[in-house]
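All remarks here apply to the structure that follows.
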2 protein chains.
Amino acid sequence: MDIFSKLQEEKARLSPSETRIADILLNDFEFAVNASIIELADKADVSPPTVTRFCRRVGCDSFSDFKVQLARTAYVGMRYLRPEPKSRDPADVAQDIITKAQNALFLLHRSLDMAAIEQAADKLSKAEMIYAFGSGGNSSMIASELQNRLFRFGLHVTASSDHGMQLMMAAAAKPTHVIIGSSFSGRNAELVRAFSLARETGVTTIALTQADSPVAQAADIVVQIDLAEGNNIFRPTSTRIAYLAAVDILASLVAYNIPQAAVTLRRIKQQLVAHRDGDDRQLLGD
Amino acid sequence: MDIFSKLQEEKARLSPSETRIADILLNDFEFAVNASIIELADKADVSPPTVTRFCRRVGCDSFSDFKVQLARTAYVGMRYLRPEPKSRDPADVAQDIITKAQNALFLLHRSLDMAAIEQAADKLSKAEMIYAFGSGGNSSMIASELQNRLFRFGLHVTASSDHGMQLMMAAAAKPTHVIIGSSFSGRNAELVRAFSLARETGVTTIALTQADSPVAQAADIVVQIDLAEGNNIFRPTSTRIAYLAAVDILASLVAYNIPQAAVTLRRIKQQLVAHRDGDDRQLLGD
DNA sequence: GATCCTTGCAAATTATTTTCGTGATAAGTT
DNA sequence: AACTTATCACGAAAATAATTTGCAAGGATC
């Protein structure tokens, strides 16, 4: 368990002196990781022993262990404690965006249900036909990314971001087919309808979405992507990055399931090396 | 600058004792961040002073500073020193992909030229018309992402992934217009032609690409995105994630330059909060 | 008024850094 | 080739700094 969650948990039980220490951690983190116990104690107007006791309280062995843990979780844990540092200084903006993106990946990794992903990869690699659904700028990008990745392995796949089309495809799909749909919010009602329709005829449905959302409940297999609220709503880029990484993982696992894919990919790679001087289109390869 | 790049840089000049210390860092990192200077010295078969000297050598003020820096960059920096774990075990595959994506963000952040980005943001926010160019699956996605982000701020922007169209637009552009083009490889010859054409008539050109590449040389302003080779060629997803983050940064800076944008964005946010139950399309907002 | 908790002081302990000297290697000199 | 001389890496020990522990005083609570 990381320091920051421990801190939030203990917050109420902290003594006045300890609260002052905690405040410094949250407000002037840079100072805190670089300070010695004496400097930190001075700044918090407490004695060094109090700082030591504080460290023990939040689950560390010693002050130096505390500093290491602090520095370690800082990278990921820091920003989602305080809402928005949001200075307009370009360096801060860049730092903030990069950190949020890394956090999103971190959270994705932590919440990934590997069993579900493996199951999804398994179904996809055996599917006679795959429909990738997603609407809105974000999810439709994910749908075309799925198409982009999967067709390379020799799979039959088509992507659609059109609700009407999705419904028709879902109605026409056979039990040997697979529908994979993405919804960041989990509340895409049309996708839910498409899933329900497909399941009536025994088509396998896979959702890339938030756990326990309507879309998740409508699907057979749920690759859940649960990010903290803050990341989610107002900063779509970091959420999208997490989805892209999830698709990357899924596609890689599918590739391992398909012997032919390895051969194809190797050929693409060789071609890439041979023609390094071409333009971007070649980078499509993987 | 982080410890691990410093380490690689200094590697050749390291003495035998120092090399032993470096080895421990790389092989038993967990031990290294938790050890005291004495424990670390013992394990490396050197004396504590040698460890202190080693710390100074890699750019730290003291041993404790060293430990903090270590713990701090560990999360992202670790893996790109060792080549490939690459087992087929799903958990490893996932870990590998996530780490590579995080590294790409880390490297992006390190190599970002903030002055160039600010300059680019400045030009974009003042442009009468913006053309976003990019071809191939990756760069065309970046182009449409640019359109997607910039039109929200009230800017006039169009994206194109069609070479012929790009040339015509470049020929028709006026000095008050801006062309922004993306090329992962930096070798998109058509984009170079479009840039050259545009510059003849004094149109500002901005490139999102590798430094010192043909595309970079053809542009007025270069937002350089330099990732290590390994990431680049065979794993397009992580490169793309870096580009997406770069666009995110650029767009955020543009937003700060445009007073009107803040108002628009606030309205979008309020609407999002009010209609939380809608579908994905609303997440397009930022 | 007894008890418990918080806190700081001072001493003890431990960790880290500095200083200094040795030995090894390389470069220059006779 | 042999002999300085310079340079450097390295560790021992001393000096310094940081951290922890034991203990007692001051408050709050019951």
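Per chain, numbering begins at 1; letters A, B, ... match sequence-line order.
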- Closest-nucleotide ordering on DNA chain C, the 5'-leading residue of B/R53 and B/K67: B/K67
- Message: Between P on C/dG8 and CG on A/D45, what's the gap in Å once rounded to a whole number?
- Response: 8 Å
- Between C/dT16 atom P and B/F54 atom CZ, what is the distance in whole Å? 16 Å
- Query: Taking only side-chain nitrogens and oxygens of A/R20, does any of them come within less than 4.0 Å of OP1 or OP2 of C/dT6?
  - Reply: no
- Message: If you compare every side-chain N and O of B/T50 against the phosphate oxygens of D/dG11 (OP1, OP2), does one of them come in below 4.0 Å?
- Response: yes
- Report the nucleotide, chosen from C/dA15, D/dG11, C/dG8, that has the shortest atom-to-atom distance to any side-chain atom of A/S47. C/dG8
- Query: Between A/I37 (CD1) and D/dT20 (C1'), how many Å, whole number?
  - Reply: 8 Å
- Query: When all nucleic acid strands are considered with a 4.0 Å heavy-atom cut-off, which category describes A/V51: base, sugar-phosphate, or nothing?
  - Reply: nothing
- Task: Would you mind reading off the distance between B/R56 atom CZ and C/dT16 atom P, rounded to a whole angstrom?
- Result: 13 Å
- Message: Using OP1 and OP2 only, check whether a side-chain N or O of A/S62 sits under 4.0 Å from D/dT19.
- Response: no
- Message: Regarding B/K43 and B/D28, does a basic nitrogen lie under 4.0 Å from an acidic carboxylate oxygen?
- Response: yes
- Do B/S183 and B/N188 have a side chain donor and acceptor closer than 3.5 Å? no
- Item | Between A/S64 and A/S62: side-chain donor-acceptor atoms closer than 3.5 Å | yes
- Item | Value in whole Å for how far the P atom of D/dA18 lies from CG of A/L40 | 13 Å
- Task: Considering just the side-chain nitrogens and oxygens of B/S17, establish if one lies under 4.0 Å of OP1 or OP2 belonging to D/dA9.
- Result: no
- Is it true that a side-chain atom of B/S213 and a backbone atom of B/R187 form a donor plus acceptor pair closer than 3.5 Å? no
- Nearest of D/dT20, D/dT19, C/dT16 to any side-chain atom of A/S36? D/dT19
- Note on the structure: Of the candidates C/dT6, C/dG8, D/dT19, the side chain of A/R57 sits closest to C/dT6
- Atom-pair distance (CD on B/E39; P on C/dA15), nearest Å: 7 Å
- Message: With a 4.0 Å cut-off on N to O distance, would you call B/R240 and B/E145 a salt bridge?
- Response: no
- Query: Can you tell me how far P of D/dT16 sits from CD1 of A/I38, to the nearest Å?
  - Reply: 15 Å
- Query: What is the distance, rounded to the nearest whole Å, between atom CZ of A/F63 and atom P of D/dA17?
  - Reply: 17 Å
- Contact under 4.0 Å: A/S15 side-chain N or O vs C/dT7 OP1/OP2: yes
